[in-house]
Amino acid sequence: MGGVVGKSESPKKACTSETKLDSKLVGVMQQRATQGTSMKSFDSIILKFPKIDESLRNCKTTFQLFDEDSNGAIDQEEMKKCFHKLGISFTEEDMNDFFKACDFNEDKGIKFNEFIVLLCLVYLLKEDQATLHTKLKSAMPNLEATFETLVDAFVFLDKNKDGYVSRSEMVEAINETTSGERSSGRIAMRRFEEMDWDKNGMVNFKEFLFAFTRWVGIDEMDEEEEGGCGS
């Protein structure tokens with residue numbers, strides 16, 4: 001869990017309105033929730049951090065390949081080329097939506113941790129998934145299994161299966177792990193605040209993913225490699 005505490009800065013500007021992409025993602029997560037989850041506690045999620053961390057960091061080479069100007073971020077044109085190379089076809093509007101959704105800091109570039117969020121959203125929302133999954137397996141082995149683990153973790157937290165995690169659901173999830181500990185409420189609130197980027201009291205899967213990259217230290221790796229200019 002390392003450096004989770006104290007790394008909860010929110011992006012420069014909170015996005016308060018739900019986009020079409022957000023709505024689609026909520027629908028996908030509601031459908032996934034009907035399938036249940038193998039997670040039994042928040043501790044069971046934490047235990048998977050090292051394996052998830054390793055899998056996500058293995059995507060760095062692919063990210064650097066698509067970052068053609070090597071400036072540490074993928075701009076919109078580079079993202080479109082990335083989609084093309086991975087055999088991913090979306091409308092121009094959809095690609096713009098993906099870019100805006102994953103450019104959390106609104107700095108016109110997708111950093112490595114945001115790139116991971118982008119890949120996972122594409123993985124979940126692409127209608128013709130067979131070709132995409134083949135491409136992802138070839139370029140980034142084990143990534144599918146990692147994304148499914150993250151979906152499983154979110155479903156565990158989403159107790160009422162509405163596609164969002166609320167404060168009360170987070171408290172319930174933490175209490176299932178730390179029953180009887182007085183600090184559990186504070187832990188739950190800290191974790192929730194780290195996820196709730198737009199501060200609207202509800203966490204969608206995109207926000208959860210972005211927070212998760214920080215929990216396993218992906219953004220800290222960016223800062224080390226890019227001269228301390230992290231997200």
Review point. For Phe66 and Glu78, what are the C-alpha separation, side-chain angles and deciding distance, and is it a side-chain contact (heavy atoms from CB on, under 4.5 Å)?
Key: CA-CA 6 Å; Phe66 293 136; Glu78 288 171 333; 5.7 Å; no
**Study point:** Verdict with reasoning, Phe112 to Thr213, per side-chain contact (heavy atoms from CB on, under 4.5 Å)
**Key:** CA-CA 9 Å; Phe112 180 50; Thr213 65; over 6 Å; no
Point to revise | Audit row: Phe83, Leu118, side-chain contact (heavy atoms from CB on, under 4.5 Å) steps and yes/no | key: CA-CA 11 Å; Phe83 278 20; Leu118 171 68; 4.0 Å; yes
Practice item. Please test Phe212 against Leu150 for side-chain contact (heavy atoms from CB on, under 4.5 Å), starting from the C-alpha separation and ending with a verdict. Key: CA-CA 9 Å; Phe212 211 102; Leu150 293 170; 3.6 Å; yes
**Study point:** salt bridge (Lys or Arg N to Asp or Glu O under 4.0 Å) between Glu148 and Arg32, worked out
**Key:** CA-CA 10 Å; Glu148 288 297 333; Arg32 290 298 189 102; 2.8 Å; yes
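Ion pairing between a basic and an acidic side chain is recognised when a charged N comes within 4.0 Å of a carboxylate O; Lys81 and Glu68 show such pairing. Salt bridge Glu207/Lys199: absent, no basic N to carboxylate O contact under 4.0 Å. Taking 4.0 Å as the cut-off between side-chain N and carboxylate O, Arg190 and Glu193 do not count as a salt-bridged pair. Checked for salt-bridge contact, Glu54 and Arg57 miss the test: no charged N lies under 4.0 Å from a carboxylate O.
Taking CG from Asp69 and CG from Asp67, the interatomic distance works out to 5.5 Å, rounded to the nearest 0.5 Å. Atom CG of Leu209 is separated from atom CG of Asn113 by 11.0 Å, given to the nearest 0.5 angstrom. With values rounded to the nearest 0.5 angstrom, Phe90 atom CZ is found 10.5 Å from Asp97 atom CG. Taking CD of Glu169 as the start and CD1 of Ile174 as the end, the distance is 13.0 Å to the nearest 0.5 Å. Considering NZ of Lys108 and NZ of Lys100, their distance stands at 8.0 Å, rounded to 0.5 Å. For the atom pair OG1 of Thr37 and CG of Asp152, the computed distance is 3.5 Å after rounding to the nearest 0.5 Å.
When side chains are defined from C-beta on, Met29 counts as touching Val151, because their heavy atoms get closer than 4.5 Å. For the pair Leu124/Phe205, a side-chain contact is recorded, criterion being any heavy-atom separation below 4.5 Å from C-beta on. Between Lys20 and Asp94, some side-chain heavy-atom pair lies under the 4.5 Å cut-off. Between Ile74 and Met79 the shortest side-chain heavy-atom distance falls below 4.5 Å. Residues Asn96 and Gln76 form a side-chain contact, since some pair of their non-hydrogen atoms from C-beta on lies under 4.5 Å apart. Between Asp103 and Asp107, the closest side-chain pair of non-hydrogen atoms falls below 4.5 Å. Looking only at side-chain heavy atoms (C-beta outward), Phe63 and Cys82 stay at 4.5 Å or farther from each other. Between Thr146 and Lys48, every side-chain heavy-atom pair lies at or beyond the 4.5 Å cut-off.
Using cut-offs of 30° and 60° for the angle between ring planes, the Trp215 and Phe42 rings count as perpendicular. Using bins of under 30°, 30° to 60° and over 60° for the plane-to-plane angle, the ring pair Phe104/Phe210 lands in the parallel bin.
For the residue pair Gly163 and Phe154, the shortest heavy atom distance occurs at O-CZ, 3.6 Å. Annotation for Cys102 and Ile110: closest pair CB-CD1, 4.1 Å, computed over non-hydrogen atoms. Between Asn105 and Glu114 the shortest heavy-atom distance is N-OE2, 3.5 Å. When all heavy atoms of Leu47 and Pro50 are compared, the closest pair comes out as O-CD, 3.5 Å. Between Asp162 and Asn160, the closest heavy-atom pair is OD1-OD1, 2.9 Å. Heavy atoms only, all atoms of each residue included: Gly201 and Asp196 are closest at N-OD2, 2.9 Å.
Figure legend: Lys80 and Phe99 shown without cation-pi pairing, the cationic atom not lying both under 6.0 angstrom from the six-membered ring centre and within 45 degrees of its axis. Both the sub-6.0 Å distance and the 45° axial angle are satisfied by Lys159 relative to the ring of Phe156.
Side chain of Ser55 to main chain of Ile52: no donor-acceptor pair is present (N/O by atom type, distance under 3.5 Å, no hydrogens or angles).
Not a single side chain to side chain contact (heavy atoms under 4.5 Å, CB included) links Thr61 to another residue, sequence neighbours left out.
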